[in-house]
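Worksheet for the structure shown next.
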Amino acid sequence: MKIALGVTGGVAAYKSAELVRRLQQEKLDIQVVMTRAAQEFITPLTFAALTGNKVITEMFARDGAAPANVESAIEHIAVAQRIDLLLVAPATADVLAQFAHGIAGDFLTTLYLATKAPVVVAPAMNVNMWEHPATRDNVAALRSRGVHVVDPGEGYLACGMIGAGRLAETESIAQKVCAVLGLRHDFAGQTVLVTAGPTREDLDPVRFLTNRSSGKMGYALAEAAVRRGARVVLVSGPTNLPAPAGADWIPVRSTEEMRGAVREHSAQANVIVMAAAVADYRPAIVHARKMKRAGERIALELEPTPDILAELGRERRENHTAPRSILVGFAAETEQIAERAREKLARKAADMIAANDVTQEGAGFDGDTNVVTLFLRDGRQIPLPKLSKFEVANRILDQVLDLQKP
Ligand code: C5P
């Protein structure tokens with residue numbers, strides 16, 4: 001995952017070097033952006049050496065061209081889109097004021113306006129500046145817009161005064177960053193196998209049967225599990241999504257291929273989440289040559305595909321010596337959600353079915369949100385509100401941990 005670290009001009013700027021080291025322990029790729037004032041306190045070279053990335057120090061070169069250390073003249077947009085989080089530490093009263101008022105006079109303040117990624121600021125300044133009503137108002141405005149503020153600590157300040165204003169401890173800032181990114185370690189040591197996307201069942205060399213699955217739910221699950229420290233194997237049918245960083249990505253096409261990839265990896269998996277919209281039927285005959293148009297009406301004969309989830313459930317039930325994995329299935333329904341989910345839970349011998357009514361607004365295939373109810377093998381039924389697919393993924397993983405408790 002990539003974050004931008006904005007370093008602004010305060011004495012605490014030297015602590016940002018240590019912060020970089022701490023954040024690298026979380027396997028974060030860090031793009032440092034320094035204001036001009038920050039360079040009075042610490043050099044870009046320090047951060048370039050620590051991060052292995054060029055440090056961005058200015059918006060424009062003096063001759064009007066993009067500066068040598070910036071890839072293009074609109075680099076702030078490229079960085080804004082690429083990062084998962086913007087952290088500013090230390091954040092001076094000045095940068096907080098610019099953020100609060102939308103003033104975009106340099107690279108960092110422009111980046112703040114241009115990014116949709118979450119923002120964390122760790123202010124550091126003299127106590128009177130921190131307590132000034134202007135700063136208070138600016139911080140309150142930023143908080144109300146969803147900016148996460150790591151409050152400064154109290155103690156001796158560089159200016160000789162005692163009070164609030166020292167940069168928060170490196171560890172507190174790192175923990176806030178992890179919490180906002182959803183980086184936890186509660187799946188460390190576990191392997192999570194996820195299936196995603198649709199399958200394609202060939203009819204002839206140019207035609208196939210498929211469905212509207214975008215793969216977003218499965219990819220969100222893979223990403224959430226990676227962030228929580230799991231080793232993730234993502235078996236994916238054809239989608240338009242980029243492979244999530246940090247997961248082993250196995251692209252497949254048909255149900256049969258998906259079955260092969262799942263079976264290859266299921267033995268090492270502690271958790272198997274089948275989010276793929278697997279075809280239930282496929283053409284009984286796959287034509288070796290393109291089917292010709294025939295004048296009259298034709299019928300397609302379909303045969304059932306193997307039910308991968310049911311197979312895993314059956315084997316797990318029969319083979320008591322195998323280490324127990326948690327099996328999670330999905331059910332996309334248009335009616336009788338609860339009955340069908342319960343029937344699936346039993347028939348597929350799964351531990352949990354995440355069911356959604358795909359006719360509901362904000363639920364189902366193509367969107368970024370989902371409305372899901374979790375049906376558990378002990379009979380519990382947990383309705384979740386409309387949430388982002390990433391948040392739904394985390395709720396499912398929370399329940400998995402709960403099921404794993406002895
Ligand atoms: O029976 P239905 O297709 O509604 O079941 C959905 C669940 O079963 C999903 O978790 C899906 O990934 C899985 N499934 C499967 N193999 C199939 C069909 C569905 O693993 N052939």
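It should be emphasised that the depicted structure is a prediction, and the values quoted were computed from it without experimental measurement. Both ligands and their constituent atoms are indexed starting at 1 by order of listing.
Counting only residues at least two apart or in different chains, salt bridge (charged side-chain N to carboxylate O under 4.0 Å, His left out) contacts with residues 180-195 comprise Arg184-Asp186, Arg184-Asp398, Asp186-Arg228.
Taking a heavy-atom cut-off of under 4.0 Å, ligand 1 is surrounded by Met274, Ala276, Val278, Ala279, Asp280, Thr305, Pro306, Asp307, Ile308, Leu309, Gly329, Phe330, Lys344, Lys348.
Annotation: cation-pi geometry not satisfied between Arg166 and Trp130 (NZ/CZ under 6.0 angstrom from ring centroid, within 45° of ring axis). Geometrically, Arg340 does not engage Phe375 in a cation-pi contact, judged by NZ or CZ lying under 6.0 Å from the ring centre and within 45° of the ring axis.
Across all non-hydrogen atoms, the minimal contact from Ala363 to Asn370 is CA-OD1, 3.5 Å. Heavy-atom minimum distance, Ile337 versus Ala355: CG2-CB, 3.7 Å.
Of the residues listed (Glu257, Glu303, Glu301), the one engaging Arg282 in a salt bridge (charged side-chain N to carboxylate O under 4.0 Å, His left out) is Glu303, and it is the only one.
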